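Read through the structure below, which is laid out as structure tokens, and then see the notes.
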Number of protein chains: 2
Amino acid sequence: MPQMRGIRQLAKHLDISIGTVSRALNGKPDVNEETRKRVLAAAEELGYVANQSGRSLRQGTTNAIGMMVESSKETVENSDNFFLGVTGGVQSVLSRHNLDLFMLPCPNDEDPYEYMKRMVARQVVDAMIISATQRIDKRIDLLVKAQIPFVALGRSSSGGDYNWIDLDFEGVATKAVDRLVSKGHRRIAVAAPSSDINLGYIFVDAYRRALERHGIEYDPSRVIRVQSSENGGYQAAETMLRLEDRPTAIILIYELMAIGFYRRMVEEGIFPGRDVAVIGFREEPRAKFLQPSLTRFRMSLADLGVELAETLLATMPVYAAHYPASARNTIWPLELVPGESDAFILKA
Amino acid sequence: MPQMRGIRQLAKHLDISIGTVSRALNGKPDVNEETRKRVLAAAEELGYVANQSGRSLRQGTTNAIGMMVESSKETVENSDNFFLGVTGGVQSVLSRHNLDLFMLPCPNDEDPYEYMKRMVARQVVDAMIISATQRIDKRIDLLVKAQIPFVALGRSSSGGDYNWIDLDFEGVATKAVDRLVSKGHRRIAVAAPSSDINLGYIFVDAYRRALERHGIEYDPSRVIRVQSSENGGYQAAETMLRLEDRPTAIILIYELMAIGFYRRMVEEGIFPGRDVAVIGFREEPRAKFLQPSLTRFRMSLADLGVELAETLLATMPVYAAHYPASARNTIWPLELVPGESDAFILKA
DNA sequence: ACGCTTTCCGGAAACGTTTTGATGTGGCAA
DNA sequence: TTGCCACATCAAAACGTTTCCGGAAAGCGT
């Protein structure tokens with residue numbers, strides 16, 4: 001005698017048809033309130049949960065959202081649990097609709113595009129959150145073409161009209177420049193990654209405009225292109241030391257840089273906060289204990305996760321009703337946290 | 001005309017039966033080498049990839065491994081990309097068998113046990129890697145009962161005979177004590193989390209035995225119980241300063257503690273490496289730039305991932321053949337990285 | 001010509017679920 | 001009585017895949 005599995009077993013146990021059981025469990029109409037209770041009770045008792053493959057096959061939907069992350073060495077070293085922090089917020093929204101979140105880590109030896117292609121083809125999730133977007137990102141074209149709902153964490157030039165959330169680089173650049181200028185600085189440098197990376201391009205552009213608004217001439221030599229790492233900060237300091245008309249202040253686009261920057265400067269007897277003003281961006285726990293404390297920008301990862309999830313659901317036909325067509329492109333604000341690293345004030 | 005999907009479409013396009021197509025794609029015998037090539041080519045051309053739900057339903061297997069992680073605030077702040085680092089190694093093994101890895105983040109407002117129960121019931125993965133094991137962990141009992149292959153990162157008292165990998169706390173404690181004793185230290189403190197946590201219990205026990213092997217009396221007051229954080233390190237220093245017969249050396253069970261420990265000590269004019277010897281455990285990028293550099297223990301996250309995956313596969317009947325019944329319980333070694341923080345040598 | 005084996009392939013069943021259409025009640029108005 | 005509707009249920013089809021089974025064709029030795 002073949003032991004029946006799943007819903008069949010449950011139906012037999014209740015002496016009822018499987019169709020009714022299914023409708024009862026899924027809250028469909030056309031089922032007597034009395035029977036529904038019985039079914040629910042029995043399911044609880046027998047610990048029955050619908051097999052996901054069965055549902056997916058029938059419904060063409062998996063009730064799962066994927067969040068693609070890269071586990072490259074760079075990501076592992078730099079992103080510092082950024083993703084784990086975001087997932088909390090994402091899930092708080094998804095759980096309202098019985099959706100689960102899977103993180104899909106792209107192996108470092110596989111091309112992100114190929115990986116995404118595989119995940120899309122296997123239809124293992126209904127929608128996607130992607131991050132680390134490139135300025136030209138083939139994944140976006142793929143998702144658009146395959147009509148998979150998605151939201152990107154980061155702008156891109158690809159794909160035309162799609163949903164993204166990005167950090168408020170312009171706001172940060174503007175506030176940082178304003179603050180430094182108000183303390184008397186005129187020669188302000190910035191350490192940023194290459195302009196191939198979206199962040200590097202957008203940020204520096206905003207920095208330039210902010211300077212010009214204060215009537216300060218933009219000097220390209222003060223844009224120091226380095227990697228987003230401690231080492232990059234060290235090199236930025238090195239470069240800055242060699243500049244003629246040495247800048248009196250610097251904006252570090254990634255906080256981790258501050259560690260290396262401090263080190264190189266202190267080697268030279270130049271103390272941040274006393275002899276040079278420093279502002280960092282994108283709060284980073286590893287830099288939390290710098291002395292003097294870094295003036296920096298902070299954001300709430302959990303809130304960002306909530307926004308991501310809501311934006312995503314708004315694009316999914318089934319759930320869109322609950323999420324009024326909100327802004328499809330969001331600039332995520334960051335809050336300035338004053339520290340001592342920019343206490344250095346120039347006399348007027 | 002209903003557009004046929006998937007394998008049917010492919011079969012029709014090739015004018016061949018779906019059974020043959022399936023066999024061809026899955027490398028089964030009983031298919032002409034010539035036809036197999038044709039099928040493979042056509043699949044490639046049309047971008048066909050088998051729908052996962054269909055396969056899963058038929059085979060009762062999902063070809064996916066889950067790695068449960070917690071996204072609690074504590075984890076996010078402390079584990080510092082530990083998981084992302086490990087996934088790389090895990091995937092390098094799984095990809096050999098066309099297995100995918102999903103990270104399953106447990107929402108912080110959901111009980112880990114309930115979350116795991118749901119994941120198991122939905123049968124969304126074939127096997128699991130769990131971490132952050134408790135000394136008594138109901139998840140383990142659940143997995144054993146449900147006969148889901150799994151491996152735990154961390155020992156536990158639950159479930160009897162199962163597979164786990166854990167860090168070599170004993171080895172670290174022993175090596176650290178040996179090293180300090182060889183430098184003349186006799187009064188050696190240790191800062192550890194509460195003994196409720198497995199690590200806190202095991203480590204301190206090994207520390208005690210190591211001391212006794214050197215004929216040094218174990219003094220409970222030198223076991224300082226604090227949280228595994230920078231703040232914990234600060235408090236450890238605070239406590240240590242108040243001890244009579246103040247210890248001349250300390251072992252910090254979590255490197256992050258070193259940051260706070262240094263700070264408090266320097267406030268007191270006591271310099272690590274010069275006036276007190278410090279050894280840290282569980283390398284932690286955030287502590288990488290301490291001055292003086294910390295003598296610490298290091299491990300390869302990627303290699304740990306490989307070991308995890310291989311141990312897991314060895315317990316899965318389908319793959320066990322490739323992975324000879326290796327040790328089901330592995331103590332993962334850590335390597336000592338000498339720094340300057342324990343340069344302080346006591347005259348004999 | 002015959003029987004046997006090997007090689008290859010097609011047809012159909014099966015996996016567990018949801019959904020559709022049909023069916024059988026009973027109540028109410030005409 | 002008849003017709004109609006609402007309600008609750010059941011039986012069966014469908015989702016896309018893998019696998020079992022049977023059988024045709026071809027090769028080979030007698």
Side-chain angles (χ1 to χ4, degrees), chain A residues 1-40 42-43 46-64 98 118 120-126 318, chain B residues 1-40 42-43 46-64 98 120-124 126 318:
Chain A
M1 154 139 182
Q3 167 159 13
M4 284 171 301
R5 299 208 138 259
I7 203 172
R8 283 219 155 66
Q9 189 180 28
L10 183 59
K12 186 167 183 185
H13 178 256
L14 286 162
D15 197 25
I16 220 178
S17 85
I18 60 170
T20 306
V21 172
S22 173
R23 282 196 310 276
L25 289 173
N26 293 332
K28 294 288 162 86
D30 275 8
V31 43
N32 187 300
E33 215 39 56
E34 178 65 23
T35 27
R36 188 191 301 279
K37 274 184 193 154
R38 277 181 55 219
V39 172
L40 255 40
L46 301 188
Y48 168 80
V49 176
N51 173 292
Q52 189 56 45
S53 302
R55 317 191 65 173
S56 300
L57 188 55
R58 172 65 225 219
Q59 300 194 121
T61 188
T62 64
N63 291 316
N98 274 71
R118 222 174 71 227
V120 167
R122 287 180 63 169
Q123 295 172 246
V124 77
V125 293
D126 295 337
V318 193
Chain B
M1 154 140 184
Q3 168 160 15
M4 283 173 300
R5 299 210 138 262
I7 203 173
R8 282 217 158 64
Q9 189 180 26
L10 184 58
K12 187 169 184 185
H13 176 256
L14 286 163
D15 197 25
I16 223 178
S17 85
I18 60 170
T20 306
V21 172
S22 173
R23 283 195 306 272
L25 289 174
N26 294 330
K28 295 288 162 89
D30 276 8
V31 42
N32 186 300
E33 214 40 55
E34 179 65 25
T35 21
R36 188 192 302 278
K37 274 184 193 155
R38 276 181 57 218
V39 172
L40 255 39
L46 301 186
Y48 168 80
V49 176
N51 172 293
Q52 188 57 45
S53 304
R55 318 190 63 171
S56 300
L57 187 54
R58 170 65 225 223
Q59 301 193 122
T61 186
T62 64
N63 291 316
N98 274 70
V120 167
R122 287 182 62 170
Q123 297 171 242
V124 77
D126 295 337
V318 193

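Any value given below was found using the heavy atoms of this structure, including those in side chains, with hydrogens, waters and symmetry copies removed. None of the values given here were measured: they were computed from a predicted structure. Labels below follow one simple rule: chain letters A, B, ... track the order of the sequence lines, proteins then strands, and each chain is numbered from 1.
Side-chain contact between A:Leu46 and A:Gln9 is absent, with no heavy atoms from C-beta onward closer than 4.5 Å. In this structure, the side chains of A:Ile16 and A:Val21 come closer than 4.5 Å at one or more pairs of heavy atoms. At least one side-chain heavy atom of B:Thr35 sits under 4.5 Å from a side-chain heavy atom of B:Arg38. Between B:Lys37 and B:Leu40 the shortest side-chain heavy-atom distance does not fall below 4.5 Å.
Note: CZ (B:Arg55) to P (C:dG16) measures 17 Å, nearest angstrom. Nucleotide D:dC10 holds its C1' atom 17 Å from the NZ atom of A:Lys12, rounded to whole Å. In this structure, CG of B:Asn26 is placed 11 Å from P of D:dT17, rounded to the nearest angstrom. When rounded to the nearest whole Å, the span between CZ of B:Arg122 and P of C:dG16 equals 17 Å. Atom CD in B:Gln9 sits roughly 13 Å away from atom P in D:dC15 (whole-Å rounding).
B:Thr62 and B:Gln123 get closest at one heavy-atom pair: CG2-O, 3.4 Å. Considering every non-hydrogen atom in both B:Tyr48 and B:Leu10, the closest pair reads CD2-CD2, 3.7 Å.
For the pair A:Gly54 and B:Leu25, both in contact range of DNA chain D, the more 5′-proximal nearest nucleotide belongs to A:Gly54.
Between A:Gln59 and the phosphate of C:dT17, there is no side-chain N or O to OP1/OP2 separation shorter than 4.0 Å. OP1 or OP2 of D:dT17 has at least one side-chain nitrogen or oxygen of B:Tyr48 nearer than 4.0 Å.
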Can you name the atoms? Protein N/O to nucleotides 10-14 of chain C N/O, anything below 3.5 Å, with the distance.
{"from": "C:dG10", "atom 1": "OP2", "to": "B:Ser17", "atom 2": "N", "distance (Å)": "2.9"}
{"from": "C:dG10", "atom 1": "OP2", "to": "B:Ser17", "atom 2": "OG", "distance (Å)": "3.0"}
{"from": "C:dG10", "atom 1": "OP2", "to": "B:Thr20", "atom 2": "OG1", "distance (Å)": "2.9"}
{"from": "C:dG10", "atom 1": "O6", "to": "B:Arg23", "atom 2": "NH1", "distance (Å)": "3.3"}
{"from": "C:dA14", "atom 1": "N3", "to": "B:Arg58", "atom 2": "NH1", "distance (Å)": "3.3"}

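In this structure, the nucleotide among C:dT17, D:dG16, D:dT17 sitting nearest to the side chain of A:Leu57 is D:dG16.
Residues from residues 27-38 of chain B with heavy atoms under 4.0 angstrom of DNA chain D, sorted by number: B:Lys28.
The CZ atom of B:Arg36 sits 9.5 Å away from the CG atom of B:Asn26 when rounded to the nearest 0.5 Å.
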